[in-house]
Every structure is written in structure tokens, then in C-alpha cells.
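The block underneath contains the structure these notes are about, expressed in C-alpha cells.
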Amino acid sequence: MRFLIGALVVCSILLAQDTRLAQDTKTQTLSNGMKVIVQEDHGIPNVAMYFFYRIGSRNERPGATGLSHFFEHMMFNGAKKYGPGQFDKRMDDSGGNNNAYTSNDVTVYTDWFPSTALELMFDMEADRIRDLAFDPKIIESERGVVYSERRSSVDNSNGGMLQELARATAFIAHPYHWPVVGWPSDIESWTMDDLKAHFAMGYAPNNCVMVMVGDVHFDQVMQLARRYLEPIPRHDPPPPVRTKEPPQQGERRVTLSKPAQLPLQIVLYHVPEATNPDVPVLDVIGTLLTQGQSSRLYTRMVDKEQLVLGVFGGVQDALDPTVFSFNMQPRSGVDPATSEKVLYEELARLESEPVPEAELRKAKNQMLANLYRQLKTIQGRANLLGSYEVFQGDYAKLFARDKTIEAVTPADIQRVARQYFSAKNRTVATLVPEKAEVKQ
């Protein structure tokens, strides 16, 4: 009963929240193709300003991988009006902060600042979009920085190295095959022509969605956008990604042998892109299996049978068909095959037994509560609005997320588990520890 009461409370809160947020959100597209989404919130005198560029590792090519991630760094290294280091300095002087992230599909720049700095932020963002500097010395310096990041996050990280190997094995044709950070030899060999061509297509205003949430007025934002951003000319966006990953016809296994204290294991299943109606069901499955200490896999594998130190699972938004990932760290002395067997048993249970209503209710409550936590902050809303616009094709679908979650049934879970979690559709990557050589 408490699960049902909790659901009614959360749903009533979200319904009121969705209605208000939808009414407070307005949009307009500039003549150069940049879409502007504005949500007014005058609760605090701050603003979250996000730029979503539809450029990621999927838009790269063999020999030039890692370029999208490289520009995530380069965009902070000076342009025509604001030189090296000035973007961060002026932001800091104004009491603001910034960051950025790159994925397979997008590169996103995040600014948080007092509303008094609004015009400055438009000026600085326009400067680096329009006139980013391509100083050879800075390029070589940042090449070294991103190479160092690759070494720390992949080459010297057991988890990072196994993840890279797993995805490269699961995807044999589609650009999701290569890592966001890029292959080492590509990082070493990018040319100036490579850089300029990638920037021109990726950072075209018609390839960008700007989202602004906070203490602003829509008319004020559009006036500044027309002044600072609209004069930036449009360019040809990245060409369509035509390569489709062929259906997997059998289990793939790959082993990584290196010095390590404990084994690691990653199991991947091919699943659809973000707009597919099965994805919300997969989200519920991920919550049922791995979210929290009462989830199925945690309860059995961590608490009851003490097979693993941790187990995680889920699927991230993607423009093209992607993978549902399970990550497990077996305990010392536990054969990875044992924990792997338990995972398959629990997946088979999803297919054969309808999830009890109370358990499904709990999972939905967890998802709704997480959504509400994100909607409480201006940066959370800015990120969600931009993500829904890019990955779902319409930011307004965010305001129906609660209804999408509520619509998932036990029968949906059985059908989706049966469709995607088959042996022939999976890739298994295992890190097998080996003893380090003792130097004489």
C-alpha cells in the first residue's frame, strides 16, 4: 500500500510540475538555423545556458577519431575577442562556472552564471563559435592533454580498457565501434585540415540547440540571440550516418589479460535507439535489476550469494541502435562464470515471470523521484530539455515522461526481455587478472 500512496504523491507533484514547466517554456529558431529553447524561472537570480551540438564520435571516421572530444577542450582555448584562458577567467570573475561533455552523439557546453552576466555570456559564446582560434602551439598542447586523458581513463584503467574492448567487439560496422576519446594513433596524427573541417560541420549554428533556464525573459533572450548568434553563418551539417550495425547472429566473447587484483566483466546486448517505444521499458528493467540495494541483482549477487562487489546496468540515450550494458566486479576467488550465470538466470526470470505489482511500483517510484530531482534545478532542466530535443526530436516529450514510465506493464517487460536479452544478441568481455612480472 505504501508504494501506491508514494506513487500517487509523486505523480501529483510531477503533474503540477509538468504543467507549469510546459507553460513556462518557449522556443524560436534563428534565421541561421539555431534553435533556442527558453524556460523562465525567477526563483533565484541565476541562469543555466546549455549548447547542444549534434556532433560526437559517431560523426567521425577511421583515421580521425577523437576529434569531437578534442574540440570539447579546444573551445576553452581562446578565440578572436577573448583570448586563451579568458573564457574561464571572465566566467569566474562574474561568479559563474562552466563545463562540457562529449558522447557518441553530442558535444554539450554548460554555463551557470548570475543573470547579470547574461550579455557577457552571449558575447563569449558567439566569439568561440564564430572565431575559434587554431593556434598550432595550443593545438599541440591540447593534443597532449587529450592523449593524457586517454591514458588515465583507458590505457591505465582496467574498467576503461575493458569497456573500450567490449564496445569494439559488439559493434563491427557502426561508428559506435570506436571510443569517444579516439584511438591513440589518430590522436597523434590529426592534421590542421582535419580539425578545421570537423569544426566547420560540427559547430554550425544550424547543428546546435541552445537551452536557457533561469532568471531571464524570453524576449530578452531572443533579442540577445539575434544580436550575437544570428549573424553567425550556417554551414553544411555532418552528413547522415548511413552505416547500420547488422543484426548479431551469435554470442561474442573477448578476454583481456593484464595485471589486476580482481576480474571484471561487461555483458552487452544490442537494443534500439532512444526514440524506440521499447526504451522506456528497458529503463524500467535497468531499475528493477540494478537500482538500489533492494534491486534484484544487488539483492542476489551482492547480499545473498556474495558473488560480486557491485553490479550496474542500463542503457544511455543514443541516436542510433545502441547497447544495454551490465557491469560486474566478481569478488576475490569467485569465477566470473558463476556471476555471469546468475545474471542470465535473472534475465530469464524476467521473461518467464510477470514482475509483481509492488515491485514494479517501487521501480517506477524510483524513476519518477529521480526525474523530479533533476527537474528541481535549473541545470537539470536545461540538460533534460536539450537531451529530449536532440534524442527524442521534441523537448516537449519531457513533460510526458511520467506518463511514459507509468504506462509500462509486466507484459511489456516480459516481451522486451524476450526480444533483446538472448544469447545470440550478447557480447561478453572479461578481464582475467594475471600476475605482474617481477623485475629482477
Side-chain angles (χ1 to χ4, degrees), residues 3 7 166-167 169-171 245-253 265-305 307-308 310-318 321-330 334-368 404-430:
F3 293 126
R167 289 186 65 91
T169 305
F171 291 99
E245 185 67 24
Q248 189 167 321
Q249 299 297 329
E251 182 185 74
R252 298 173 189 163
R253 285 187 172 268
Q265 195 159 52
I266 297 175
V267 181
L268 305 178
Y269 292 90
H270 290 278
V271 294
E273 68 282 0
T275 54
N276 190 288
D278 286 345
V279 171
V281 185
L282 290 165
D283 290 337
V284 172
I285 288 175
T287 303
L288 284 166
L289 292 177
T290 68
Q291 186 65 45
Q293 296 184 7
S294 62
S295 60
R296 289 189 175 189
L297 292 180
Y298 191 98
T299 298
R300 183 174 176 189
M301 300 174 75
V302 179
D303 284 344
K304 184 178 178 181
E305 300 183 25
L307 298 174
V308 301
V311 55
F312 309 95
V315 58
Q316 295 184 335
D317 285 341
T322 182
V323 286
F324 192 110
S325 176
F326 291 99
N327 293 51
M328 300 178 287
Q329 175 134 59
V334 174
D335 186 343
T338 304
S339 52
E340 185 183 344
K341 179 174 179 290
V342 170
L343 170 64
Y344 301 152
E345 289 174 356
E346 290 299 325
L347 291 175
R349 182 181 162 205
L350 282 180
E351 297 180 26
S352 61
E353 302 175 9
V355 176
E357 182 57 36
E359 186 181 11
L360 180 56
R361 180 70 269 157
K362 182 197 69 172
K364 289 180 178 180
N365 286 357
Q366 288 175 296
M367 296 174 68
L368 292 169
T404 303
I405 294 171
E406 287 295 336
V408 175
T409 67
D412 290 330
I413 293 172
Q414 287 183 281
R415 174 184 58 79
V416 168
R418 192 175 297 117
Q419 181 170 349
Y420 300 110
F421 297 129
S422 66
K424 73 176 185 178
N425 191 41
R426 72 179 173 229
T427 297
V428 183
T430 307

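All heavy atoms count here, side chains included; hydrogens, waters and symmetry mates do not.
Counting only heavy atoms from C-beta outward, the side chains of Q265 and S339 approach each other to under 4.5 Å. Using a 4.5 Å heavy-atom threshold, the side chains of I266 and S325 count as touching. Between Q248 and T427 the shortest side-chain heavy-atom distance falls below 4.5 Å. For the pair L360/P410, a side-chain contact is recorded, criterion being any heavy-atom separation below 4.5 Å from C-beta on. By the 4.5 Å heavy-atom criterion applied to side chains, N276 and P321 are not counted as neighbours. Side-chain contact between V342 and V308 is absent, with no heavy-atom pair separated by less than 4.5 Å. V311 is listed as a side-chain neighbour of M328, based on a closest heavy-atom distance under 4.5 Å. Here the side chains of H270 and F171 are in contact, with some heavy-atom distance below 4.5 Å.
When the salt bridge (Lys or Arg N to Asp or Glu O under 4.0 Å) test is applied to R300, the partners found at least two apart in sequence or on another chain are E305, E345, E346. Applying the side-chain contact (heavy atoms from CB on, under 4.5 Å) rule to K424 yields the partners Q249, S422; only residues at least two apart in sequence or on another chain are considered. Residues satisfying the side-chain contact (heavy atoms from CB on, under 4.5 Å) test with T409, not counting sequence neighbours, are A411, D412. Partners of T404 under the side-chain contact (heavy atoms from CB on, under 4.5 Å) rule, at least two apart in sequence or in another chain, are P280. Legend: residues meeting side-chain contact (heavy atoms from CB on, under 4.5 Å) with S295, ordered by chain and number and at least two apart, are Y298.
In terms of modelled atom types and a separation under 3.5 Å, the side chain of Q414 and the main chain of E351 share a donor-acceptor contact. Within the 3.5 Å criterion, the main-chain N or O of E406 finds a donor-acceptor partner in the side chain of K364.
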**Request:** For V271 and V279, run side-chain contact (heavy atoms from CB on, under 4.5 Å): C-alpha distance rounded to whole Å, both residues' side-chain angles, the deciding distance at 0.1 Å, then the answer.
**Result:** CA-CA 8 Å; V271 294; V279 171; over 6 Å; no

**Request:** Please report the C-alpha distance between M367 and Q291 in whole Å, then the side-chain angles of each, then the deciding distance to 0.1 Å, and finally whether the side-chain contact (heavy atoms from CB on, under 4.5 Å) criterion is met.
**Result:** CA-CA 9 Å; M367 296 174 68; Q291 186 65 45; over 6 Å; no

**Request:** For the pair R253 and E340, evaluate salt bridge (Lys or Arg N to Asp or Glu O under 4.0 Å) and give the outcome as yes or no after the intermediate values.
**Result:** CA-CA 12 Å; R253 285 187 172 268; E340 185 183 344; 2.3 Å; yes

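At most 12 heavy atoms of other shown residues, nucleotides or ligands fall within 6.0 angstrom of atom CD in Q316.
A pairwise comparison of heavy atoms in V315 and F324 identifies CB-CD1, 4.0 Å as the closest pair. I285 and V416 get closest at one heavy-atom pair: CD1-CG1, 4.1 Å. The two atoms that bring A170 and E245 nearest to each other are O-OE2, 3.6 Å, heavy atoms only. Between P272 and L282, the shortest heavy-atom distance links the atoms CD-CD1, 4.0 Å.
Taken to the nearest 0.5 Å, the CG atom of L289 stands 4.5 Å off from the CG atom of L297. One finds the CG atom of L343 at 12.5 Å from the OG1 atom of T338 (value rounded to the nearest 0.5 Å). Between atom CD of residue E273 and atom CG of residue D317 there is a gap of 11.0 Å, rounded to the nearest 0.5 Å. Atom-to-atom distance recorded for R426:CZ and L268:CG is 11.5 Å, nearest 0.5 angstrom.
Taking the six-membered ring where the residue is Trp, the centroids of F421 and Y269 are separated by under 6.0 Å.
Sorted by first and then second residue, the salt bridge (Lys or Arg N to Asp or Glu O under 4.0 Å) pairs involving residues 275-294 (not counting sequence neighbours) are D278-R415, D283-R401.
Each of T287, I405, L288 was evaluated against Q366; a single residue qualifies, T287, per the side chain to side chain contact (heavy atoms under 4.5 Å, CB included) test.
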